[in-house]
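Throughout, a chain's letter reflects where its sequence line sits, starting with A, and its residues are numbered from 1.
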Amino acid sequence: MSETVASSEVRYDAHAVEEKWLPVWERLDAFRADDASVVAGEKPKFYGLTMFPYPSGDLHMGHAEVMALHDVLCRYKKFRGFEVLNPMGWDSFGLPAENAAIKNDEHPATYTYANIETQFASFKKYGLSFDWSRRLHTSDPEYYHWTQWLFLKLREQGLAYRKNSPVNWCPNDQTVLANEQVLADGTCERCGAEVTKKELTQWYFKTTAYAQELYDSLDDLQDTWIPKVVNAQRNWIGRSEGAHVTFDIEGHDPVAVFTTRPDTLWGATFMVVAADAKLAAELVSDEQRQALEDYLVDVRKASDIDRLSTERPKTGVFLGVHATNPVNGERIPVWASDYVLADYGTGAIMAVPAHDQRDLDFARVMDLPVRRVVDTGEENPEESGVATNGNGSYVNSGPLDGLTDKTEGIRRAIELLEADGHGTGTVNFRLRDWLLSRQRYWGAPIPVIHCPVDGEVAVPEDQLPVELPELRGADLKPKGTSPLGAASEWVNVSCPTCGGPATRDTDTMDTFVDSSWYFFRYLSPHDGTQAFDPALAKAWGPVDFYLGGSEHAVLHLLYARFFTKAMRDMGLIDWDEPFSAYLSQGTVINNGHKMSKSLGNGVALGAQLDEYGVDAVRLTLVFASPPEDNIDWADVSPAGSAKFLQRAWRLAGDVTSAPGTDAAGGDVALRKVTHKTVHEAAQLLDTYRFNVVVARTMELVNATRKAIDSGCGPEDPAVREAAETVAILLSLVAPYTAEEMWERLGHQPSVAQAAWPTVDPALLVEDAVTAVVQIQGKVRGRLEVSPDISEADLESVALADPAVVKAIDGRPVRKVIVRAPKLVNIVV
RNA sequence: GCCGGGUUGGCGGAACGGCAGACGCGAUGGUCUCAAACACCAUUGUCCGAAAGGGCGUGUGGGUUCGAAUCCCACACCCGGCACCA
């Protein structure tokens, strides 16, 4: 860059500077986290975590943004005296490597570890403050050894189990998926294919065992996690309060339903069972059996699009049996319909058509009775066709008649049900157990052996890890069952219990299992004897700040929370939540759209780094917007960032005072700007407003430039103080430029090891402030006054000001509000 | 439909209930140059005005307050989550 610029301006070459400092930083190894000082409690700890990448190709813009943002905070915490743990690794199991291996007839590890080395080199060049001594890869046997160990621990607790159930199946990836991996439109989160259902025996983690706690402790995260993620988790877990009510059925065992409105039980005029639930087949009468089967054929034919439509007319079939309403003894018919879901609640509902729109729609189609039991003052639903669900007075509801409050009605109804044994108050969750087995190769094998005599047998701990057999190329072709099944010498083993012939489980674990505990492994990544050192977990945990993508709002974050709680209950750790604070960064887009090959609007990180240098790209990403907002690359200016960095750097060259010069006698005006900037920057950094920190640093650069050119001059000690402050603030975002400045200012590297500037409170006090004089709340004058002016003095000065007198224009002053020293408001 | 977040110049965005638009991008004018690029300087919410100065301005409509981008109520629109979840 610089050699092509014919200019009198002095500038530095961004690329030469990158080459220069990388080996120096390597030698200094300044970001290695010291366990001892944290275990001993000598220093406060800061565990900063940012989501580790999947090794597909090189790093891209998205990585650049999240890493740049995270680095700002970690470097700042180090300046503030924290012992910082900022590790990085790779989430290196997963399908892209497997698909590449099939295509190129090679082993997934080839693709995986080649990409890891590429990304590692890019990370280094990007100048991040990672402690690389803790680097890990989830696909290493040394890592998945402990993934398997944790699986077995969870299984011992009954938190990992196998069951046969209808599951989500991705026809493209040829594997099952967890609910969390199916998007709202019924497509695969990974590849976008339309997900279908299959009935299969699969492994599950019992996330539902922690549904209540996962939901409740969101309250504790409310203030430190970004709201949309807390909200997404609440919605996903889907807690709803209500009651189970038991209905006697003629000729069958009683059936329980879940309802959130037990107070409307007197208006239940029929019952509906999910058509595809076992219950429907059990209840149906012989005469109606054929009708139910015909209906089921129709239901299964309906496409997902139809199923997802809420406008679809209700359908169903009478099951030929009747139930008894427990509160009024009424005999009500039992129907089957697909508008009731088999896997939510009990798969059966009591229908209260007057107060539930879905039930009303169904009642109208099937000509079933509608009875209003809450009079809300609106038109009777029986006539209007619009169900009411607000507060109103209860009618036709026996003991509830006369009540007018819904909450009270629900409370009383539950009391009555519990008193005579017809039901109980209960809480229902939408969350399901996590389906964790996958029919693919490149993942951690499930460490279980199936024996015809002993059934499921855990692989003994001393035989872990169960390493993947060597398979490559065509052997990995998806065929609906796990490729591991083809490795017969691997599959066929003797039973650990009886020694007889047995077979290994051939499924591998969802890669989200690997990432559910990686933040523990960073604590002691090379420990061959345990998953992590409990003493280090106690010292470093939990993670103080976690930055990552919002696509993991439910997926990874929910799974990691589940793991943490389960591990706590196993006595492995003593904290409840893995991530004390969570922020998700926005996406880097281009021209209003997500970058994509099909749109041709991709911006290659490498090309940007080559053109503008690492620091300019990092600065651009941090300055563009608040961290959680999207950045449109078309709206930002890396060239402008590079220009600013040159301007900042030039300050260091202009300083003529010697290193170590006491700033005390320096220009007070500039010193005030410097100290105020440091003071505000600290507050802004503590609240993650990194873009504003950059703006404040720019202001300090501008003020320093002005002081050098047309103020106190380059030899003033205040100029040195300001330039050194700029270097320190800039080192959070632009480490190369900052290091250059630091060196030019006569200091030893590294600026990252410099002391955070001490703010002198005396310099935060202004000696003159601008007081605003308002008349009727509109600004009509400005006064330069002392910051400690009295209210009375300020009022009299304001009222005497000629501009104010003119604006008052002789009108009588009715009231004067004085907020010394900043404001006077005159009401006339 | 329910839940969460948002709406500020041409653009990205700043603003403890007290000077709206910091900082930057872009644009315009200028300096340098044979010229351009780079760099540097100046101007830049909008309307009226030659200027001084003034009117209007933070999605819309109300409210609280001496004073509202900021607090309250209602509405519109945008983004995200959930959704025939009983």
Please tell me whether A:R561 and A:Q233 have a donor and an acceptor in their side chains that are separated by less than 3.5 angstrom. yes

Considering only the C1' atoms, how many Å lie between B:rC38 and B:rC19, rounded to the nearest integer? 38 Å

List in chain and number order the residues that pass salt bridge (Lys or Arg N to Asp or Glu O under 4.0 Å) with A:E378, two or more places apart in sequence or in another chain; answer none if no residue qualifies. none

Mind checking what makes salt bridge (Lys or Arg N to Asp or Glu O under 4.0 Å) contact with A:R430, not counting sequence neighbours? none

With no hydrogens and no angle check, just 3.5 Å: does a side-chain donor-acceptor pair link A:D793 and A:S790? yes

Using atom C1' in both nucleotides, what's the gap between B:rA20 and B:rU8 to the nearest angstrom? 8 Å

Do A:T315 and A:Y295 have a side chain donor and acceptor closer than 3.5 Å? yes

Using O4'-C1'-N9-C4 for purines and O4'-C1'-N1-C2 for pyrimidines, with syn meaning within 90° of 0, is B:rG45 syn or anti? anti

Integer angstrom distance from the C1' of B:rG61 to that of B:rA68: 15 Å

When the C1' atoms of B:rA69 and B:rU58 are considered, how many whole Å apart are they? 5 Å

Separation between the P atoms of B:rG62 and B:rU70, rounded to whole Å: 14 Å

Using the side-chain heavy atoms of A:P227, tell me which of these nucleotides is nearest: B:rA15, B:rC84, B:rG4. B:rG4

For the side chain of A:T260, starting at C-beta, report the closest nucleotide among B:rC66, B:rA86, B:rC3. B:rA86

Residues A:A387 and A:P353: closest non-hydrogen pair is CB-O, 3.9 Å

Would the base of B:rC66 count as contacting A:N825 through its side chain, where contact means a donor and an acceptor less than 3.5 Å apart? yes

Distances under 3.5 Å between nitrogen or oxygen atoms of protein and nucleotides 68-77 of chain B:
none

Find which nucleotide of RNA chain B each of A:V824 and A:D356 is nearest to by heavy atoms, and output the residue with the more 5' nucleotide. A:V824

Given B:rC66, B:rA86, B:rG81, identify the nucleotide with an atom nearest to the side chain of A:N235. B:rG81

Check the distance between B:rG13's C1' and A:L684's CG and give it to me in whole angstrom. 14 Å

Is the base of B:rG80 touched by the side chain of A:N231 through a donor-acceptor pair closer than 3.5 angstrom? yes

OP1 or OP2 of B:rA86 sitting under 4.0 Å from any side-chain N/O of A:Y344? yes

Test: salt bridge (Lys or Arg N to Asp or Glu O under 4.0 Å). Region: residues 696-710 of chain A. Which pairs qualify, not counting sequence neighbours? A:D654-A:R705, A:E680-A:R696, A:R696-A:E699, A:R705-A:D709

Quick one: pull up CH2 in A:W434 and OH in A:Y559 and give me the separation to the nearest 0.5 Å. 6.0 Å

Could you tell me whether A:D632 contacts a base, only the sugar-phosphate backbone, or nothing, with contacts defined as non-hydrogen atoms closer than 4.0 Å? nothing

Can you list every ring pair (Phe, Tyr, Trp, His ring centres under 6.0 Å) pair that touches residues 772-797 of chain A, not counting sequence neighbours? none

Rounded distance in Å - CG (A:D629) to P (B:rC11): 16 Å

When all nucleic acid strands are considered with a 4.0 Å heavy-atom cut-off, which category describes A:R689: base, sugar-phosphate, or nothing? sugar-phosphate

As a test of your reading of the structure, name each stem of RNA chain B as range with range, where a stem is three or more consecutive Watson-Crick or G-U pairs at under 3.5 Å. B:1-7 with B:76-82, B:10-12 with B:23-25, B:26-31 with B:39-44, B:45-48 with B:53-56, B:59-63 with B:71-75

Find the distance A:Q233:CD to B:rG5:P and express it as a whole number of Å. 16 Å

Which residues pass the side-chain hydrogen bond (donor to acceptor under 3.5 Å, both in side chains) test with A:N235, not counting sequence neighbours? A:N231

What salt bridge (Lys or Arg N to Asp or Glu O under 4.0 Å) pairs are there with at least one residue in residues 618-629 of chain A, not counting sequence neighbours? A:D71-A:R618

Distance only, no hydrogens: is a donor on one side chain within 3.5 Å (strictly under) of an acceptor on the other, for A:H355 and A:T388? yes

Quiz: residues 262-272 of chain A side-chain donor-acceptor pairs under 3.5 angstrom, not counting sequence neighbours:
unit_1: A:D263; atom_1: OD1; unit_2: A:R261; atom_2: NE; d: 3.0
unit_1: A:D263; atom_1: OD2; unit_2: A:R261; atom_2: NE; d: 3.4
unit_1: A:D263; atom_1: OD2; unit_2: A:R261; atom_2: NH2; d: 3.0
unit_1: A:D263; atom_1: OD2; unit_2: A:Y394; atom_2: OH; d: 2.5
unit_1: A:T264; atom_1: OG1; unit_2: A:R261; atom_2: O; d: 2.8
unit_1: A:T269; atom_1: OG1; unit_2: A:P369; atom_2: O; d: 2.8

Counting any heavy atom closer than 4.0 Å, what does A:V230 reach on the DNA or RNA strands: base, sugar-phosphate only, or nothing? nothing

C1' atom, B:rA15 versus B:rC3: distance in rounded Å? 30 Å

Look for any protein N or O under 3.5 Å of an N or O in nucleotides 51-62 of chain B and output each such pair with its distance, or none.
unit_1: B:rG55; atom_1: OP1; unit_2: A:R780; atom_2: NH2; d: 3.1

A:L764 CG to B:rC16 P, straight-line distance once rounded to whole Å: 17 Å

Does A:K314 make a cation-pi contact with A:Y339 (under 6.0 Å, within 45 degrees of the axis)? yes

Looking at B:rC66, I'd like to know if its phosphate oxygens (OP1 or OP2) sit under 4.0 Å from a side-chain N or O belonging to A:K815. yes

Inter-nucleotide C1' distance (B:rA14, B:rC25), Å rounded: 15 Å

Sorted by chain and number, sequence neighbours left out, salt bridge (Lys or Arg N to Asp or Glu O under 4.0 Å) with A:R411 holds for A:E408, A:E415

First of A:A639 and A:R430 reached from the 5' end of RNA chain B, by closest nucleotide: A:A639

Are there any protein N/O atoms within less than 3.5 Å of an N/O atom in nucleotides 19-26 of chain B, and if so, which ones and at what distance?
unit_1: B:rC19; atom_1: O2; unit_2: A:R782; atom_2: NE; d: 2.8
unit_1: B:rC19; atom_1: O2; unit_2: A:R782; atom_2: NH2; d: 3.0
unit_1: B:rA22; atom_1: O2'; unit_2: A:E699; atom_2: OE2; d: 3.0
unit_1: B:rG24; atom_1: OP1; unit_2: A:N702; atom_2: ND2; d: 3.1

Count the heavy atoms belonging to other residues, nucleotides or ligands that lie under 6.0 Å from CZ of A:R814, then report whether that count exceeds 12. no

Can you tell me how far P in B:rA36 sits from the matching atom in B:rG29, rounded to whole Å? 12 Å

